[in-house]
Amino acid sequence: MNPNELSEQEVIRRNSLEELRKLGIDPYPHEGWEINASSTEILANFNPELKNFQEVSIAGRIMSRRIMGSASFAEIQDQFGRIQIYIKRDDICPGENKDLYNTVFKKLLDIGDFVGIKGYVFVTQMGETSIHVQELKVLSKSVRVLPIVKEKDGKLFDAFTDPEQRYRQRYVDLIVNPSIKEVFIKRSKIVNTLRDFYNSKGYLEVETPILQPLPGGATARPFTTHHNALDIPLYLRIANELYLKRLIVGGFDGVYEFAKDFRNEGMDRTHNPEFTVMEIYVAYKDYNWMMDFTEEMLERVALALHNTTEVPLGDKIIDFKRPFKRITMVDAIKEHTGIDINGMDEAQLKDVCKKLHIEVNETMGKGKLIDEIFGEKCESHYIQPTFIMDYPIEMSPLCKKHRSNPELTERFELMVNGKELCNAYTELNDPIDQYERFKSQLELSEKGDDEAMFIDLDFVRALEYGMPPTSGMGMGIDRLAMIMTNQVSIQDVLFFPQMRPEKKAKREDDTEAFQAMGIPTEWIEVIQKMGHTAEGIKAISPGKLHNDLCGFKKKNKLEIASPTQDQVKAWLAS
RNA sequence: GACUCCGUAGCUCAGCUGGUAGAGCAAUUGACUCUUAAUCAAUGGGUCGAGGGUUCGAAUCCCUCCGGGGUCACCA
């Protein structure tokens with residue numbers, strides 16, 4: 001069927017628009033509607049003895065209707081929830097004219113329409129708090145049919161669960177699956193809690209460029225774009241680290257940013273091309289201080305959301321109670337493989353990898369090898385929040401060398417549920433060392449590592465002016481939201497996860513081309529309805545086209561003469 | 001990228017080893033003044049994701065493509 005054609009129910013709803021207008025009712029009125037109560041507020045606080053809520057005015061979507069002759073029940077859904085309304089014909093139509101009830105409410109309104117109602121709250125014989133409607137107004141008509149989800153005793157019937165439709169049409173998901181809203185309300189609360197925490201310490205929220213001439217601060221493939229006036233390539237940021245540290249150089253002692261980062265890499269349950277990262281940099285601190293800070297921060301978030309440090313996640317409970325376990329990377333590997341890699345060279349590490357059945361290749365240096373061992377054998381074991389400390393220097397070109405071991409850096413990652421949640425350094429502020437590190441990244445890149453960092457000379461210049469000792473930390477907000485709201489997929493904590501665009505139905509108007517082929521006008525119409533193009537139709541066998549056309553005619557009972565097989569052959573031959 | 005499963009009415013789903021497309025909700029018409037997955041009666045609604053093949057005959061079997069889910073790989 002032609003996608004531009006309306007379904008039966010859509011036609012009916014569009015007709016209702018006209019019927020409403022004929023009755024002098026604007027289905028899309030301009031003026032607002034005063035709201036003095038919400039569904040949840042009424043349900044929580046109504047008390048028949050107090051006689052409160054006797055003049056309520058609310059607005060929302062009609063989500064169900066039960067019509068019984070001259071009285072009806074319906075459910076109205078507002079921002080917070082649903083409440084039942086009771087409509088009696090003679091109450092909303094006190095005079096002779098019963099159109100508002102008989103025609104407008106019963107026939108022209110549908111599930112999904114917005115209405116405003118005024119009335120008083122009461123409890124029905126079945127014991128449900130409801131609004132007795134005294135005034136009803138159409139606020140906005142819906143001409144597309146919502147999925148109908150019903151619920152009884154907490155059980156859902158015909159739930160709207162198809163992930164593709166839920167993500168592509170999130171608005172529908174939010175309307176019919178109210179629990180989805182909760183996830184995003186919690187996400188907002190997470191961000192607010194973090195922001196309040198940082199502000200209470202006196203740190204400054206800042207904004208830094210998303211369009212960057214050099215994509216720095218992380219190892220990842222960027223999206224590339226182009227600035228026309230400057231005629232230069234620009235990259236969407238993969239991290240904001242280097243800009244925030246420039247601000248520390250500039251004299252701010254604490255800066256943070258909630259940043260959308262963009263990485264042109266694979267997508268799966270935990271990766272979306274654009275995602276949100278919070279990065280914070282604090283002067284005169286080191287990574288030990290940052291571990292304490294991170295613990296306090298996450299404990300606060302857990303308490304703000306759950307009133308306890310224990311957070312359910314799948315079949316596990318994650319406990320964010322301070323302090324978290326701390327272990328060095330070398331000890332973590334020792335713990336899970338029994339092998340002490342301390343002091344090993346590249347060849348020895350490769351042997352270890354072989355013994356552990358970890359694939360290696362020529363481009364891998366010491367750092368990468370250690371990272372592989374950790375990733376394969378250790379990472380997934382850290383379910384409860386655990387700081388993994390002291391990473392190999394090759395993997396951390398922006399991080400200060402360890403104060404007691406020059407092969408390591410003062411870096412930690414916080415593992416939760418077997419995944420990285422935070423990443424933090426004692427920041428490298430030695431400009432000479434930083435330049436050398438950038439240069440060795442260049443060597444890695446020449447060796448074939450396609451995600452080694454670019455040299456950012458302006459950043460080195462900034463460090464040359466002097467940066468105070470600083471510790472910085474980055475945290476994936478999407479991942480934090482997944483943990484705190486018990487979701488397994490990043491798509492469930494993003495309103496609009498990236499999807500392949502929907503295939504557009506081609507609507508080419510090839511009327512002239514069809515005419516040139518000698519096809520009669522009445523059949524051109526049919527061919528277009530069947531979705532054929534002038535080019536495409538030539539690839540169809542004349543026999544099949546003949547059959548299809550005659551079949552279409554029969555099916556739709558068209559009063560036009562069938563073409564002969566030879567005629568069809570002639571059209572296609574031209 | 002590999003493997004695997006899925007795509008049937010507005011929605012949720014049946015449809016066996018090929019033989020004229022089914023149900024519930026929603027819709028339409030009617031009944032009904034406290035219902036709540038309201039109920040009762042009647043009615044309409046589908047080129048079964050797209051294209052090709054096998055066959056007298058394909059929603060069903062085969063191939064290609066499109067879209068999506070899951071697992072893995074790559075990637076933080």
Side-chain angles (χ1 to χ4, degrees), chain A residues 1-3 6-13 15-16 63-75 82 84-91 101 106-107 110-112 122-128 130 132 142-168 172 176 218-221 238-239 261 263-271 273 275 277 359 371 375 379 395 413 419-421 423 450-451 474 476 478-479 488-489 491 499-506 529-531 536 539-541 544 547-548 551-552 554-556:
Chain A
M1 189 61 70
N2 183 324
L6 298 173
S7 75
E8 181 199 23
Q9 294 191 49
E10 287 170 330
V11 171
I12 289 167
R13 288 190 178 207
N15 289 340
S16 297
M63 294 307 287
S64 72
R65 286 195 303 173
R66 295 180 284 278
I67 296 171
M68 299 161 301
S70 61
S72 298
F73 288 94
E75 280 176 301
R82 291 185 186 186
Q84 177 170 271
I85 63 171
Y86 175 67
I87 304 182
K88 216 168 152 179
R89 188 216 291 146
D90 296 336
D91 285 351
Y101 183 81
K106 276 170 72 172
K107 302 215 167 132
D110 293 287
I111 289 173
F122 73 111
V123 177
T124 66
Q125 288 175 12
M126 301 299 287
E128 177 147 351
S130 309
H132 191 122
S142 160
V143 295
R144 196 178 274 268
V145 186
L146 283 172
I148 309 294
V149 180
K150 297 209 170 184
E151 180 258 326
K152 172 154 175 124
D153 302 330
K155 252 195 240 165
L156 286 183
F157 297 84
D158 304 330
F160 180 69
T161 54
D162 178 18
E164 174 172 4
Q165 290 198 71
R166 285 189 45 227
Y167 301 147
R168 284 196 194 281
V172 176
V176 303
T219 53
R221 282 204 298 272
I238 55 174
D261 285 351
R263 296 187 184 176
N264 205 343
E265 289 166 352
M267 295 165 56
D268 61 29
R269 221 171 61 248
T270 54
H271 296 84
F275 57 103
V277 172
E359 271 185 52
D371 188 43
E379 194 174 57
M395 303 168 53
E413 291 193 356
K419 293 249 161 56
E420 171 201 346
L421 177 62
N423 182 18
D450 62 353
E451 41 173 52
D478 308 293
R479 286 189 182 175
V488 291
S489 166
Q491 293 169 307
M499 302 281 275
R500 194 180 294 277
E502 283 179 273
K503 199 173 69 178
K504 271 205 200 119
K506 247 208 208 150
K529 268 191 185 154
M530 291 169 74
I540 300 171
S541 85
K544 173 165 171 48
N547 268 334
D548 286 352
F552 189 93
K554 193 172 178 183
K555 187 175 173 60
N556 294 282

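Chain naming here is simple, since letters A, B, ... match the order of the sequence lines and numbering starts at 1 in each.
With rounding to the nearest 0.5 Å, the separation of CE in A:Met68 from NZ in A:Lys88 is 11.0 Å. Between the CZ atom in A:Arg13 and the CD1 atom in A:Ile111 there is a gap of 7.5 Å [rounded to 0.5 Å].
Residue A:Arg13 contributes atom CZ, which lies 13 Å from atom C1' of B:U28 at whole-angstrom precision. A:Met267 has its CE atom 11 Å from the P atom of B:G70, to the nearest Å. One atom, NZ of A:Lys152, and another, P of B:A38, lie 9 Å apart when rounded to the nearest Å. Between A:Glu164 atom CD and B:G70 atom C1' the separation is 15 Å, expressed in whole Å. A:Leu6 places its CG atom 16 Å from the C1' atom of B:G46, with the value rounded to the nearest Å. The nearest whole Å value for the distance from the NE2 atom in A:His271 to the C1' atom in B:A76 is 5 Å. Distance A:Asp268 CG to B:A2 P: 16 Å, rounded to the nearest Å. Straight-line distance from the CG atom of A:Asp371 to the C1' atom of B:C74: 14 Å, rounded to whole Å.
One N or O donor and one acceptor, one from the side chain of A:Glu379 and one from the base of B:A76, sit under 3.5 Å apart.
When the C1' atom is compared between B:G52 and B:G46, the two are found 23 Å apart, to the nearest whole Å. Comparing B:C13 with B:G7, their C1' atoms are spaced 13 Å from each other, to the whole Å. Distance noted for atom C1' between B:A21 and B:G57: 15 Å (whole Å). Distance check on atom C1': B:G45 versus B:G24 gives 15 Å, rounded to whole Å. As rounded to the nearest Å, B:A59 and B:U12 have P atoms that lie 22 Å from one another. Of the C1' atoms belonging to B:G18 and B:G53, the separation is 15 Å, rounded to the nearest Å. Taking atom P on both nucleotides, B:G44 is separated from B:C63 by 40 Å, rounded to a whole Å. B:A41 sits 24 Å from B:G10 when the C1' atoms are compared, rounded to a whole Å.
Taking the side chain to side chain contact (heavy atoms under 4.5 Å, CB included) definition, one finds that A:Lys150 meets it with A:Ile148, A:Phe157, sequence neighbours left out. Under the side chain to side chain contact (heavy atoms under 4.5 Å, CB included) criterion, A:Ile67 pairs with A:Arg65, A:Ser72, A:Tyr101, A:Phe105, A:Lys106, sequence neighbours left out. Applying the side chain to side chain contact (heavy atoms under 4.5 Å, CB included) criterion to A:Asp162, with sequence neighbours excluded, gives A:Glu164, A:Gln165. Contacts of A:Phe160 classified as ring-ring contact (aromatic ring centres under 6.0 Å, His included), with partners at least two apart in sequence or in another chain: none. Judged as a side chain to side chain donor-acceptor pair (under 3.5 Å), and not counting sequence neighbours, A:Arg89 has no contacts. The salt bridge (charged side-chain N to carboxylate O under 4.0 Å, His left out) test applied to A:Arg144 returns A:Glu10, not counting sequence neighbours. Applying the salt bridge (charged side-chain N to carboxylate O under 4.0 Å, His left out) criterion to A:Arg263, with sequence neighbours excluded, gives no partner residue. Residues satisfying the salt bridge (charged side-chain N to carboxylate O under 4.0 Å, His left out) test with A:Arg166, not counting sequence neighbours, are A:Asp173, A:Asp492. Not counting sequence neighbours, A:Glu420 has no partner by the salt bridge (charged side-chain N to carboxylate O under 4.0 Å, His left out) test.
In this structure, A:Arg166 reaches neither bases nor backbone, as no heavy-atom distance under 4.0 Å exists between it and the strands shown.
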Are any protein N/O atoms closer than 3.5 Å to N/O atoms in nucleotides 31-35 of chain B? If there are, list each pair with its distance.
unit_1, atom_1, unit_2, atom_2, d
B:C32, N3, A:Ile67, O, 3.4
B:C32, N3, A:Gly69, N, 3.1
B:C32, N4, A:Gly69, N, 3.2
B:C34, O2', A:Gln125, OE1, 2.3
B:C34, O2', A:Gln125, NE2, 3.2
B:C34, O2, A:Gln125, N, 2.6
B:U35, O2, A:Arg66, NE, 2.7
B:U35, O2, A:Arg66, NH2, 3.2
B:U35, O2, A:Gln84, OE1, 3.4
B:U35, N3, A:Gln84, OE1, 2.9
B:U35, N3, A:Gln84, NE2, 2.9
B:U35, O4, A:Gln84, NE2, 2.5
B:U35, O4, A:Thr124, OG1, 2.8

I'd like a table of atom pairs between the protein and nucleotides 6-12 of chain B - only N or O on both sides, under 3.5 Å - with the distance next to each one.
unit_1, atom_1, unit_2, atom_2, d
B:G10, N7, A:Gln9, NE2, 3.4

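Across B:G67, B:C75, B:A37, the shortest atom-to-atom separation from the side chain of A:Lys150 is found for B:A37. Nearest to the side-chain atoms of A:Asp110 among the listed nucleotides B:U28, B:C75, B:A76 stands B:U28. The side chain of A:Arg269 lies closest to B:G70, out of B:G30, B:A27, B:G70.
Considering only side-chain N and O atoms, A:Arg65 lies under 4.0 angstrom from the phosphate OP1 or OP2 of B:A27.
Aromatic ring orientation, A:Tyr86 versus A:His132: perpendicular (interplanar angle above 60°, classes split at 30° and 60°).
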Task: Watson-Crick and G-U pairing of RNA chain B written in dot-bracket, each distance under 3.5 angstrom, with | for inter-strand partners - done: (((((((..((((.....[..)))).(((((.......))))).....(((((..]....))))))))))))....
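With a 4.5 Å cut-off on side-chain heavy atoms, A:Arg66 and A:Gln84 count as touching.
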